[in-house]
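Below: one structure, written as structure tokens.
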Amino acid sequence: MHLSLFENLLWAFGTALKALLCIVVIYRHLYRRLPLFSIYVALLVAEVAVVWSVYRVWGFTSRFAWYTGWCAAGVVLLARGLAVAELCWTSLRNYPAIWSLVRRLLVFVAVVVLSFAATTAYQNKSPVAAFVLTADRGSEISILVVLVALLVVGVRYNVPLGRVERSIVLGIGIYSAFQVVNDSFMGQWMTRYLHWWNSTRVIAFDVALIIWLVPLGKALPPPSNAPALLSERVARYLLRQLLDRMREVTDELKKIGKARK
């Protein structure tokens, strides 16, 4: 496989962005707030290192390189899905009722995507590649739907996203939206006329990497706490009033019980 100068430069630029993002994530201690997203970033760098090493030793066309590439893509895909679930949990953990609904949505989406990918892989001569490719296409549109739902829930119930979380959602959303459009119709149509169109997928992901890097240029702000529905003073007063009313009801019931005896 021979890459053009443009493709080599694009690959090198993307690799540098992934390495820089991994370093910044460690430097800013983002792994303490978003451990699954941090693992995902580390796996992006590991994927490049492992796949490049295998290609160099065994050759691009070898069977081992083929399985390594698809398996590495599957691991990264799983990590991205878990990172999206972590974003939902981080944003909604202070709102148990909303998180319960979103959690069910995530489980349902994961079951549907994996079931469809497993069915497709079973019917294909190359099950590993078919499973990863089908899961990737299904996950992109699912991730896009979940992220849009997260933003809608945030606006509807006044659940603001943090600066870093908002940039991560934006970056993943832009990349997933491009993938959905590209996989649906644009990729097949544009490739016929522009041989370099396949490189746009790499460019779209590089844009996402830059979006993730921007807010990490500053120190991480403290995580926002859930807004208090009632002040502590008012809550104590209402609780005291409720307990007084409960005592009065209990006394009345005791009097009624004694009167019947």
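Every value quoted in this text rests on a predicted model; they were computed, and no experiment measured them. Along the sequence shown, residues carry numbers from 1.
- Taking the side chain as every heavy atom from C-beta outward, L151 and L161 approach each other to under 4.5 Å.
- Pairing each heavy atom of A177 with each of L144, the nearest pair is CA-CD2, 3.9 Å.
- Residues Y55 and T61 are not in side-chain contact: their nearest non-hydrogen atoms beyond the backbone lie 4.5 Å or more apart.
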Would you mind writing out the side-chain donor-acceptor pairs for residues 66-81 within the sub-3.5 Å range, not counting sequence neighbours?
| from | atom 1 | to | atom 2 | distance (Å) |
| --- | --- | --- | --- | --- |
| T68 | OG1 | F64 | O | 2.7 |
| R80 | NH2 | D136 | OD1 | 3.4 |
| R80 | NH2 | E140 | OE2 | 2.6 |

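- Using modelled atom types, one side-chain atom of S62 and one backbone atom of A65 make a donor-acceptor pair closer than 3.5 Å.
- Formation of a donor-acceptor pair under 3.5 Å by the W212 side chain with backbone atoms of I168 is found in this model.
- Residue I143 comes nearest to S176 through the heavy atom pair CG2-OG, 3.6 Å, listed as atom of the first residue, atom of the second, then distance.
- Linking Ile, Leu, Val, Met, Phe, Trp and Tyr residues whenever their side-chain heavy atoms come within less than 4.5 Å places L20 and I210 in a single cluster.
- Cluster annotation: W58 and V51 are assigned to distinct hydrophobic clusters (Ile/Leu/Val/Met/Phe/Trp/Tyr, side-chain heavy-atom contacts under 4.5 Å, transitive).
- There is no path of hydrophobic side-chain contacts, each under 4.5 Å, that joins L133 to F205.
- Taken from CZ in R28 to NZ in K218, the straight-line distance is 10.5 Å, to the nearest 0.5 Å.
- A donor-acceptor pair is defined here as one N or O able to donate and one able to accept, closer than 3.5 Å; no such pair exists between the side chain of R93 and the backbone of W99.
- Between the S38 side chain and the Y31 main chain, a donor and an acceptor come within less than 3.5 Å of each other.
- Between V113 and S142, the shortest heavy-atom distance links the atoms CG2-OG, 3.4 Å.
- Other residues, nucleotides and ligands place more than 12 heavy atoms under 6.0 Å from the CG atom of L213.
- The backbone N or O of F37 lies less than 3.5 Å from a partner atom in the side chain of E86, making a donor-acceptor pair.
- No donor-acceptor pair closer than 3.5 Å links the side chain of R33 to the backbone N or O of V164.
- Taking both residues in full, the closest heavy atoms of S126 and N124 are given as N-OD1, 2.8 Å, listed atom of the first, atom of the second, then distance.
- Taking the side chain as every heavy atom from C-beta outward, T15 and V45 never approach each other to under 4.5 Å.
- Summarising the geometry of C22 relative to A42, their closest heavy-atom pair is SG-CA, 4.2 Å, with the distance given to 0.1 Å.
- Here the side chains of L220 and H29 are not in contact, with every heavy-atom distance at 4.5 Å or above.
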Q179/R137 under side chain to side chain contact (heavy atoms under 4.5 Å, CB included): CA gap, chis, key distance, verdict: CA-CA 8 Å; Q179 284 293 88; R137 291 180 175 178; over 6 Å; no
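- No continuous path of ILVMFWY side-chain contacts below 4.5 Å connects L43 to V132, so the two sit in separate hydrophobic clusters.
- Residues L82 and Y40 fail the side-chain proximity criterion, which asks for heavy atoms closer than 4.5 Å.
- Counting only residues at least two apart or on different chains, the side-chain hydrogen bond (donor to acceptor under 3.5 Å, both in side chains) pairs with a member in residues 166-175 are Y175-R201.
- Side-chain contact check for V145 versus L105: every heavy-atom pair is 4.5 Å or farther apart.
- For the pair L21 and L216, the minimum side-chain heavy-atom distance is below 4.5 Å.
- In this structure, the side chains of K18 and F13 stay at 4.5 Å or more apart for every pair of heavy atoms.
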Stepwise side chain to side chain contact (heavy atoms under 4.5 Å, CB included) test for V48 and W11: CA-CA 10 Å; V48 173; W11 178 84; 3.9 Å; yes
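- Summarising the local packing, CZ of F116 is surrounded by 12 or fewer heavy atoms from other residues, nucleotides or ligands at distances under 6.0 Å.
- Listed here is the closest heavy atom pair of G171 and A208: O-CB, 3.4 Å.
- W89 and L92 fall within a single hydrophobic cluster, where Ile, Leu, Val, Met, Phe, Trp and Tyr side chains are chained together by heavy-atom contacts under 4.5 Å.
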